[in-house]
Amino acid sequence: MQESIAAQGDTKSRLSNPLLDLVIAGLEAQLKFWQAYQVEGTRFVANRMRCNLEHLRALGHCCDMQSTSECQRAWMRNIQKDYAEEWGRIAATSFALAFGEVSAFGSLFGQRAAKGPSEPEVKAKPSQPAKSKTGLQAAA
């Protein structure tokens, strides 16, 4: 934990603790991940429960084995489709969160370097005009 110290009278400042900053950033990312997965999982379970209820209602209207077996096959195809789509959504959520957090950690370290005691940066003037962004650079 960062300790407060008295510096020149009543003014207090914080000591730098890069390990604690990293742990806090990691825990915040973990919380964000869990929230995203909980929302997605809850949505999926609610959808599957609705589909199961519809299936039971449809089974109640079946009069013979032929219609019952067709109802069961349709329900099974629906389950397979739903689970395949859910795995795709989980993978997409994972990639989106992971790449978002990688950039967040990069900005965290960039901010830390800027805040740290270092010599002032001297920006060199560009000798060439800035190039226009194309393709993926423009989208980012």
Side-chain angles (χ1 to χ4, degrees):
M1 182 125 199
Q2 295 179 348
E3 298 291 328
S4 295
I5 59 171
Q8 297 178 355
D10 296 325
T11 308
K12 295 202 177 217
S13 64
R14 298 262 179 209
L15 293 176
S16 174
N17 190 341
L19 182 59
L20 181 61
D21 292 342
L22 183 63
V23 169
I24 289 171
L27 290 173
E28 287 173 345
Q30 184 181 9
L31 177 63
K32 181 179 175 182
F33 285 21
W34 275 110
Q35 287 174 337
Y37 289 122
Q38 290 297 320
V39 168
E40 180 60 36
T42 302
R43 187 207 54 77
F44 176 71
V45 169
N47 183 40
R48 284 304 322 146
M49 288 176 77
R50 273 190 233 90
C51 290
N52 290 343
L53 285 172
E54 290 172 11
H55 170 65
L56 291 174
R57 284 188 189 117
L59 279 178
H61 296 289
C62 294
C63 299
D64 59 351
M65 282 302 290
Q66 182 71 22
S67 61
T68 302
S69 63
E70 182 56 39
C71 186
Q72 291 282 68
R73 279 193 294 272
W75 178 69
M76 186 56 81
R77 283 191 299 269
N78 192 17
I79 285 177
Q80 291 171 341
K81 179 183 68 82
D82 284 351
Y83 273 92
E85 289 174 358
E86 182 63 15
W87 277 108
R89 281 190 291 273
I90 288 173
T93 300
S94 299
F95 285 120
L97 288 171
F99 289 124
E101 289 305 312
V102 166
S103 65
F105 278 121
S107 66
L108 173 73
F109 291 125
Q111 290 172 358
R112 167 134 314 276
K115 290 180 184 176
S118 62
E119 296 189 28
E121 290 184 28
V122 177
K123 293 185 179 181
K125 293 182 181 178
S127 58
Q128 297 176 350
K131 294 181 182 178
S132 64
K133 294 182 180 181
T134 60
L136 294 176
Q137 294 173 342

inquiry  = Could you measure the distance from the CD1 atom of Ile79 to the CG atom of Asn52? Nearest 0.5 Å is fine.
reply    = 6.0 Å

ask   = If you link I, L, V, M, F, W and Y whenever their side-chain heavy atoms are under 4.5 Å apart, who else ends up in the same group as Met49?
value = Val45

request  = Could I get the full list of salt bridge (Lys or Arg N to Asp or Glu O under 4.0 Å) partners for Arg50, not counting sequence neighbours?
outcome  = none

inquiry  = Test of understanding: with side chain to side chain contact (heavy atoms under 4.5 Å, CB included), list the residues that count as partners of Ala58, not counting sequence neighbours.
reply    = Cys71

ask   = What residues, two or more places apart in sequence or in another chain, satisfy side chain to side chain contact (heavy atoms under 4.5 Å, CB included) together with Trp34?
value = Gln30, Gln38

query = If you measure from CD1 on Ile24 to CG on Leu19, what distance do you get to the nearest 0.5 Å?
reply = 10.0 Å

Under the salt bridge (Lys or Arg N to Asp or Glu O under 4.0 Å) test, residues paired with Arg57 that sit two or more places apart = none

message = Once side chain to side chain donor-acceptor pair (under 3.5 Å) is applied, do any residues pair with Ser67, and if so which ones, sequence neighbours excluded?
response = Asp64

request  = Can you tell me which residue pairs pass the ring pair (Phe, Tyr, Trp, His ring centres under 6.0 Å) test with a partner in residues 67-86, sequence neighbours excluded?
outcome  = Phe44-Tyr83, His55-Trp75

key: side-chain contact (heavy atoms from CB on, under 4.5 Å) between Gln72 and Met76, intermediate numbers included   = CA-CA 6 Å; Gln72 291 282 68; Met76 186 56 81; over 6 Å; no

query = Who are the salt bridge (Lys or Arg N to Asp or Glu O under 4.0 Å) partners of Arg48, not counting sequence neighbours?
reply = Asp82

ask   = If we only count heavy atoms from C-beta on, is the Pro18 to Leu22 side-chain gap below 4.5 Å?
value = no

query = Glu54: what forms a salt bridge (Lys or Arg N to Asp or Glu O under 4.0 Å) with it, not counting sequence neighbours?
reply = none

request  = Just grab all the salt bridge (Lys or Arg N to Asp or Glu O under 4.0 Å) pairs involving residues 65-80, residues at least two apart or on different chains.
outcome  = Glu70-Arg73, Glu70-Arg77

task = Return the set of residues passing side chain to side chain donor-acceptor pair (under 3.5 Å) with Ser94 (not counting sequence neighbours), or none when no residue passes.
result = Tyr37

query = In chain order, what residues pass the side chain to side chain donor-acceptor pair (under 3.5 Å) check against Gln35, with sequence neighbours excluded?
reply = none

